[in-house]
Structures are given as C-alpha cells and as structure tokens.
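Sequence lines set the chain letters: A, B, ... in the order given, protein chains first and strands last, and positions in each chain run from 1.
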2 protein chains.
Amino acid sequence: MQKLLRMTHQREVILDEIKKSSTHPTADELYERIKKKLPRISLATVYRNLEIMSESGLINKLEISGRQKRFDWDLDQHDHIYCIQCHRVDNIDLADKKDVALPADQNRGYKVAGCRVEFYGICPKCSARSQKKQKGESKKMACKSKCGSKELSEKQREILEALAKCEDACGSKDIAAATSLEPKQVSCQITALKKKGLVDSPVRCKYAITGDGKDALS
Amino acid sequence: MQKLLRMTHQREVILDEIKKSSTHPTADELYERIKKKLPRISLATVYRNLEIMSESGLINKLEISGRQKRFDWDLDQHDHIYCIQCHRVDNIDLADKKDVALPADQNRGYKVAGCRVEFYGICPKCSARSQKKQKGESKKMACKSKCGSKELSEKQREILEALAKCEDACGSKDIAAATSLEPKQVSCQITALKKKGLVDSPVRCKYAITGDGKDALS
DNA sequence: CTTGACACGGTAATAATTATCAACTACTTT
DNA sequence: AAAGTAGTTGATAATTATTACCGTGTCAAG
Ligand SMILES: [Mn+2]
Ligand SMILES: [Mn+2]
Ligand SMILES: [Zn+2]
Ligand SMILES: [Zn+2]
C-alpha cells in the first residue's frame, strides 16, 4: 500500500526542466521543451507526473484564478502576481502575510487549510507594448487565443474580397449582390468583421475595408 | 458606438436568479434553475449575458483558483473561502485587507490592478460527512466527477462477474482462464478495480469481489 | 416600411485536463 | 532464474467548461 514512486528517466527530465525555469511554466510549455530531449514522450506523461510530483511534494502546483495550472520548483511559502494580458506569473514576497490570517470567528465553520493571495495587473512588457499600439482599443478581449485573431470564415473572406475590389465605401446591398449572399447574412458578417477591425464604416450604412483587412486577405 | 444594452426578458430572469441566491452559483447551476422559468433559453445565452452583465458592472464574476467561474450579486469589495471537497463558496469579510496592499518596491514593474485573497478548507457539511465515512481513505481524489465512480469498462465487468462466481479469493490466472482474457490484461484491470474499491486482495496475489463490487454489477 | 444594431437559440469548436488501455519495466517472491 | 505483480508509459479517447459561429428574430430610428 505504500505507493513508492520510481524516479524514471522521464520524471528526472521533467523535474530538471522545472528546476531550471524561472517562469512558472504550464504543462504544455514544459511538454514543448521536454520534447527536445525526449522526442517520444507523451503529453499525458507530463501531466501525470506533474500531478504525482506535486502530490508528493517535489514541486508546487499553482492554481491561478480560472486558468491554466502552472508549476513551481520553489517550495517555500510565497505568493504570486500575474499579468491579465499575457498571463505571465511572477513571485511576490509578502512580509506581513500573517496579518491575512482569518480570525477564528470569521471562518463560517470551515476548517481552514490555507490562504492564497493573488495580485494581478499588467506586466512591464505588456505595458511597453500597449504604449506603441494605442489605437486598437479592444473593449472586449476576454476571449481566448484565436478568437481575436484575424482568422476568417468562408463567408467573411468572400465579403472582404468583394470590399477590396470596391473603390470606396458601399452598402450591404451592393455587397450582397457582388457575393451572391443574402443581405441579412452580409450584415451579420459585417458586424463580425467590424469587431475584428477588418472593415470600418466611414459613413453610416457604408462599409470599407481597412488596412488590417487587406493584410488579412494576403 | 455607445453599446447600449437592452434589458431583455432573459436578462431580467438571469439577474433575478442571481440576486436571490446566496451560494455564488456557476453558469450551469443558473441555467438549470432558469430553465424552469424559461424552458427554451439556451445555455449560450446564459453564458453570454453573465459575461456582459459582469463587464458592465451589474454583477460580479468570481475566478476562484483553477475551476468553474461563479457569479455574485454583491458588488461590495469582499473576499471568499471555498471548500476543496464540494467547491462551495462563501463570503469572508476581511477587516485588515488594506495591509495586504503591495509595497511599491515589490511590484516587479507591474501596474497592479488588484488583489484577491482566497481562503480554502473544508466546509461544515463536508466535515460532518467525512466523520461518518472514515474508512474510504481515498488518497487520490483529485479527479473529476465520474472518475472515482463505479462505471465499468467491458473487460472490468467481465472480470468482476467472474470473481462474483468464485467461492473465495482466486489468482489472476484463474480469472484469465474463466474470462478468455490474457493474464496481463487481467492484472492490469484488477489494479483499476482495486483502486475503485470493487475488489480487494485478502491474501497476496489472490483477489475477491467486495460488497461495493457486487453492488456495481447490479 | 427599411435598415441596422443588438440579441437569441442551437450547435460546433476549442482548450485544458483526465481517463482508458495495452505494452513495457523493474522489483519481489518463489 | 522464472514468475508474478506493482508501477509506468505513449497513444488516444473522453470529458468539462467555455466560447465561436450563424441564421433568425426584435426593436427603435429615420
Ligand atoms: Mn513562485
Ligand atoms: Mn460573495
Ligand atoms: Zn504581460
Ligand atoms: Zn464542502
């Protein structure tokens, strides 16, 4: 019953890779790096062993609010700050952490096992980046990876190509005629394209392709 | 461009349902409750509107460490404690929260946007429950819903049925003979069944079906 | 009455993780 | 040494939570 765990070659390499990283890597980041040393390793093995090693106290598993788990070789008690834009995670040493301890009369009957303090904000690199690119205001960037990207559906590409051929702004009816799509479908897709910044509306109800839109076609 | 949001019937019902709940519900919990009033509503609509309403400040979105998002009608600043067993979330009022503020020289260049304090432990109900059921020690219960359940694969069921017919404990070779499975496969599956508590090993290398195992077959 | 912005329901797709399983490896016990 | 067995692996399927897509519907303004 004593569940002894073997230190296999895979585990050694995984542990090694964590120990040499300062960035609190995710499972798939580790997998990408480890593949260079063990090309035949499976992603499942990486996940499996990260779980086992964190359970047995060899490494630390970080569960940052609502996103990918990250792993930390540093077993000493410390807290973290993460970037809400690029999701990078850095260490924070909180001197007066003990003040955060929960008064016994406040615990609502819970047996308190621990406390996590998490700061969030914008990391230096992302601050620098957003200085340059001030224009794309992007009210809603809460979506994942590809969502905000310039990937086009079939219909969107068709519409965009039609717009690219126009001299100047034209209405959705013109586009519908040029593309053999229904007017309703066109307006639906135009909305999506505007959100992506690939078309804009210089005059009400008239649309034109933007620079970004032309780039997206190539 | 002013992005006015309509108060549709769906939104009213969703908002209403959040306001009357004290448990920080998840999107799908809300969906289940709302379906009783609006049977035709789509889960996507619930997700969509929870996102929109939290963005526009009507409700609060909680991102508790590495799991489902929860929603809170209480817009005042407060923190939370969650149960690591049943994932329930309760409010915590932290008087000296200001002490947690990050000293400017510690921020590693981040523009700090906020701080979350999260307690975790075992809620009163789960404590009470684990008093009664002391035996199932379950070292590894980190897996989700069905994982620890009694669901059987084809082969596992076959093995279990063979074991049920035996008077007393028998070795994996006997089982292999009785089931037309390879001995190796048998030992592989026995391990899984032991983990689920459906078989046990009264003597080394001999296996027998447990009470739970018999239940699982019916 | 059109038009277009916003919204909806249904469903497909995605991302991260976990489960399943046959094959393999390395200890233990005979 | 042979056999038996616990632990491990790689490949792949499955699951969970969430988001994207799309055709259609609604409503308010011109
Ligand atoms: Mn750290
Ligand atoms: Mn709350
Ligand atoms: Zn960043
Ligand atoms: Zn609980």
Side-chain angles (χ1 to χ4, degrees), chain A residues 1-11 26-28 31 38-52 66-69 140 142-149 151-156 171-173 181-192 194-195 201 204-205 207, chain B residues 1-11 26-28 31 38-52 66-69 140 142-149 151-156 171-173 181-192 194-195 201 204-205 207:
Chain A
M1 283 287 169
Q2 66 278 14
K3 184 86 171 179
L4 71 144
L5 56 137
R6 293 183 192 150
M7 185 45 70
T8 61
H9 187 39
Q10 284 88 335
R11 278 181 196 162
T26 60
D28 59 308
Y31 174 61
L38 303 175
R40 312 227 23 192
I41 201 172
S42 157
L43 176 58
T45 301
V46 174
Y47 269 103
R48 194 168 29 223
N49 287 324
L50 288 171
E51 182 64 35
I52 288 171
R67 49 185 74 263
Q68 255 180 110
K69 291 186 181 98
K140 188 173 181 179
C143 55
K144 289 185 189 169
S145 55
K146 211 172 65 180
C147 149
S149 84
E151 291 223 351
L152 298 171
S153 69
E154 272 302 285
K155 286 176 187 172
Q156 292 178 352
S172 55
K173 201 179 281 182
L181 290 167
E182 308 281 6
K184 269 192 179 172
Q185 295 182 19
V186 173
S187 83
C188 202
Q189 295 306 320
I190 290 265
T191 311
K194 259 204 298 186
K195 207 175 285 176
S201 175
R204 210 176 189 294
C205 313
Y207 302 102
Chain B
M1 282 287 171
Q2 66 278 15
K3 184 88 171 177
L4 72 144
L5 58 139
R6 292 182 194 151
M7 186 45 69
T8 61
H9 186 40
Q10 284 89 335
R11 278 180 197 164
T26 60
D28 59 307
Y31 174 60
L38 302 176
R40 313 224 25 188
I41 201 173
S42 157
L43 176 58
T45 302
V46 174
Y47 269 105
R48 194 170 29 224
N49 287 325
L50 287 171
E51 181 65 33
I52 289 171
R67 48 185 77 262
Q68 248 172 309
K69 291 184 181 101
K140 187 173 183 179
C143 56
K144 288 184 188 170
S145 57
K146 211 173 66 179
C147 147
S149 85
E151 290 223 351
L152 298 171
S153 69
E154 272 303 283
K155 287 177 187 171
Q156 291 177 354
S172 55
K173 200 180 280 181
L181 289 168
E182 308 280 7
K184 269 191 182 174
Q185 296 182 19
V186 173
S187 82
C188 202
Q189 296 306 320
I190 290 265
T191 312
K194 260 204 297 185
K195 208 176 283 176
S201 174
R204 210 178 188 296
C205 313
Y207 302 102

Query raised in the report: Can you check the A/Gln10 CD to C/dA23 P distance for me, whole Å?
Result: 19 Å
Report summary line: Here the pair of heavy atoms bringing B/Ile52 nearest to B/Arg11 is CD1-NH2, 3.8 Å
Query raised in the report: Between D/dT19 atom C1' and A/Arg67 atom CZ, what is the distance in whole Å?
Result: 14 Å
Query raised in the report: Quick one: are A/Leu50 and A/Lys69 in side-chain contact, heavy atoms under 4.5 Å?
Result: no
Report task. Would you mind telling me which of D/dT9, D/dT18, C/dT17 lies closest to the side-chain atoms of A/Thr45? Result -> D/dT9
Query raised in the report: Nearest to the side chain of A/Arg6, which nucleotide is it out of C/dA19, D/dG7, C/dA7?
Result: D/dG7
Query - Interatomic distance where CG belongs to B/Leu38 and P belongs to C/dG9 [whole Å] - result: 8 Å
Report summary line: Nearest heavy-atom contact between A/Gln10 and A/Leu38 is CA-CD1, 4.0 Å
Query raised in the report: Nearest-Å distance, CG (A/Leu43) to C1' (C/dT20)?
Result: 15 Å
Report task. Kindly say if A/Tyr47 contacts the phosphate of C/dT18, meaning a side-chain N or O under 4.0 Å from OP1 or OP2. Result -> no
Report task. Would you mind classifying the nucleic acid contact of A/Asn49 as base, sugar-phosphate or nothing, using non-hydrogen atoms under 4.0 angstrom? Result -> sugar-phosphate
Report task. Nearest 0.5 Å please: distance from the CG atom of A/Asn49 over to the OG1 atom of A/Thr8. Result -> 5.5 Å
Query raised in the report: Could a donor-acceptor pair under 3.5 angstrom be found where the side chain of A/Arg48 meets the base of D/dG10?
Result: yes
**Report entry** Closest nucleotide among C/dT20, C/dA7, D/dT18 to the B/Thr8 side chain
**Finding:** C/dA7
Query - First encountered from the 5' end of DNA chain C, between B/His9 and A/Asp28 - result: B/His9
**Report entry** Candidate nucleotides C/dC8, D/dT18, C/dG10, ranked by approach to the side chain of B/Arg11 - the nearest
**Finding:** C/dC8
Query raised in the report: Has B/Lys69 got a side-chain N or O lying under 4.0 Å from the OP1 or OP2 atom of D/dT16?
Result: no
Query raised in the report: What is the distance, rounded to the nearest whole Å, between atom CD1 of A/Ile41 and atom P of D/dT8?
Result: 14 Å
Query raised in the report: Should A/Ile41 and A/Tyr31 count as side-chain neighbours, where that means a heavy-atom distance under 4.5 Å?
Result: yes
Report summary line: Regarding the side chain of A/Ser42, the nearest nucleotide among C/dA26, D/dG10, D/dT18 is D/dG10
Report summary line: Between CE of A/Met7 and P of C/dC27 the distance, given in whole Å, is 13 Å
Query raised in the report: Has A/Arg40 got a side-chain N or O lying under 4.0 Å from the OP1 or OP2 atom of D/dA11?
Result: yes
Query - Rounded distance in Å - OH (A/Tyr31) to P (C/dA15) - result: 16 Å
